[in-house]
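Numbering starts at 1 and runs along the sequence shown.
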Amino acid sequence: MKITLNRLNDDFLFECTNAQGNSILLDNTTQSGAKGVSPMESVLMAVAGCSGIDVVSILKKQRQEITGFKAEVEGERIPVDDAKPFKSIIVKFFIEGSVDAKKALKAAELSFEKYCSVSKTLEPNVEIGYEVFVNGEKVEK
């Protein structure tokens, strides 16, 4: 796996491109007029994308009918020397459709405990939690 980062302006706007030619823009979002996401926001996006792919894939294999899928991810950061790494991350999945709530919860559990490479990469240093909502109702663990 390899990506390429190219600087696009005289400041901090970068384009990151993968081997297939797909790209995202990264920028310093502390400055006005930022045109990309911050690198730390991209980490949260990666957690959402990785676990989202897992959850949808598992539910599709179980023939659950998903009509809507959204995730919200929040990260809490702490100062460590001059950096501010994530201390904890919480992912909330909002699933709509003819979906068994317990299967949805199990899919999220499998993602974070077994399949999601992004969260597994962060896991030794970051506490990662999740909540699942099916058709507006929180699924209790």
Side-chain angles (χ1 to χ4, degrees), residues 1-62 64-141:
M1 183 179 298
K2 178 181 173 181
I3 65 104
T4 303
L5 179 140
N6 287 309
R7 186 173 178 210
L8 299 179
N9 65 8
D10 291 338
D11 284 320
F12 308 103
L13 182 62
F14 300 104
E15 180 180 41
C16 296
T17 307
N18 69 4
Q20 291 80 29
N22 301 310
S23 63
I24 64 168
L25 296 178
L26 298 177
D27 207 342
N28 180 349
T29 58
T30 63
Q31 297 189 339
S32 64
K35 296 188 178 13
V37 299
S38 77
M40 293 302 279
E41 288 170 333
S42 74
V43 171
L44 297 180
M45 291 175 177
V47 170
C50 184
S51 59
I53 288 169
D54 291 340
V55 171
V56 169
S57 176
I58 291 165
L59 291 175
K60 286 180 77 158
K61 286 177 185 171
Q62 296 175 337
Q64 301 297 294
E65 294 181 36
I66 303 167
T67 58
F69 186 91
K70 180 174 91 167
E72 292 178 359
V73 185
E74 291 186 50
E76 179 185 353
R77 297 170 71 181
I78 55 169
V80 176
D81 298 322
D82 290 332
K84 288 190 288 184
F86 286 115
K87 173 186 175 187
S88 63
I89 293 173
I90 182 79
V91 181
K92 295 180 182 179
F93 295 109
F94 299 90
I95 304 167
E96 299 291 327
S98 183
V99 176
D100 180 285
K102 294 297 178 194
K103 287 183 179 182
L105 185 62
K106 183 65 176 177
E109 178 184 310
L110 285 169
S111 175
F112 289 107
E113 292 183 8
K114 188 173 182 181
Y115 297 120
C116 180
S117 299
V118 176
S119 65
K120 287 296 195 188
T121 299
L122 299 171
E123 193 174 76
N125 299 309
V126 181
E127 178 185 326
I128 299 178
Y130 60 90
E131 295 178 358
V132 177
F133 297 81
V134 175
N135 297 318
E137 298 289 322
K138 183 177 180 180
V139 183
E140 296 299 329
K141 295 180 184 180

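Not counting sequence neighbours, the partners of S88 by the side-chain hydrogen bond (donor to acceptor under 3.5 Å, both in side chains) test are E76. The side-chain hydrogen bond (donor to acceptor under 3.5 Å, both in side chains) test applied to N28 returns T30, not counting sequence neighbours. Considering only residues two or more places apart in sequence or on other chains, K120 meets the side-chain hydrogen bond (donor to acceptor under 3.5 Å, both in side chains) condition with E123.
Between atom CZ of residue F93 and atom NZ of residue K70 there is a gap of 13.0 Å, rounded to the nearest 0.5 Å. With rounding to the nearest 0.5 angstrom, the CD1 atom of I58 is 11.5 Å from the CD atom of Q64. Put simply, CG on L122 and CD1 on I89 are 5.0 Å apart, with the number rounded to the nearest 0.5 Å. Considering NZ of K61 and CG of L59, their distance stands at 11.0 Å, rounded to 0.5 Å. For the atom pair CG of L105 and CG of D100, the computed distance is 10.0 Å after rounding to the nearest 0.5 Å. Rounding to the nearest 0.5 Å places CG of L8 at 9.0 Å from CG of D27.
Minimum interatomic distance between F86 and V126 (heavy atoms only, all atoms of both residues): O-CG2, 3.4 Å. Taking every heavy atom of both residues into account, A104 and I95 meet most closely at CB-CD1, 3.9 Å. The minimum heavy-atom distance between P85 and V80, with the atom names listed, is CG-CG2, 3.7 Å.
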Would you list the atom pairs, donor with acceptor, under 3.5 Å between side chains in residues 129-141 and any protein atom, with sequence neighbours excluded?
from, atom 1, to, atom 2, distance (Å)
N135, OD1, G97, N, 2.9
N135, ND2, G97, O, 2.9
K141, NZ, Y130, O, 3.1

Name each donor-acceptor pair under 3.5 Å that joins a side chain in residues 16-23 to protein atoms two or more places apart or in another chain, with its distance.
from, atom 1, to, atom 2, distance (Å)
N18, OD1, Q20, N, 3.1
N18, OD1, G21, N, 3.0
N18, OD1, N22, N, 2.9
N18, ND2, Q20, OE1, 3.1
S23, OG, E15, OE2, 3.1

For residues 106-116, dump all side-chain donor-acceptor pairs below 3.5 Å to protein atoms at least two apart in sequence or in another chain.
from, atom 1, to, atom 2, distance (Å)
K106, NZ, E109, OE2, 3.1
S111, OG, D54, OD2, 2.9

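Surrounding CD of E127 are at most 12 heavy atoms belonging to other residues, nucleotides or ligands under 6.0 Å away.
The only member of V118, V37, I24 that meets side-chain contact (heavy atoms from CB on, under 4.5 Å) when paired with M45 is V37.
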**OP:** Could you check L13 against D11 for side chain to side chain contact (heavy atoms under 4.5 Å, CB included), going step by step and ending with a plain yes or no?
**Re:** CA-CA 6 Å; L13 182 62; D11 284 320; over 6 Å; no

**OP:** Please report the C-alpha distance between E96 and F94 in whole Å, then the side-chain angles of each, then the deciding distance to 0.1 Å, and finally whether the side chain to side chain contact (heavy atoms under 4.5 Å, CB included) criterion is met.
**Re:** CA-CA 7 Å; E96 299 291 327; F94 299 90; 5.5 Å; no

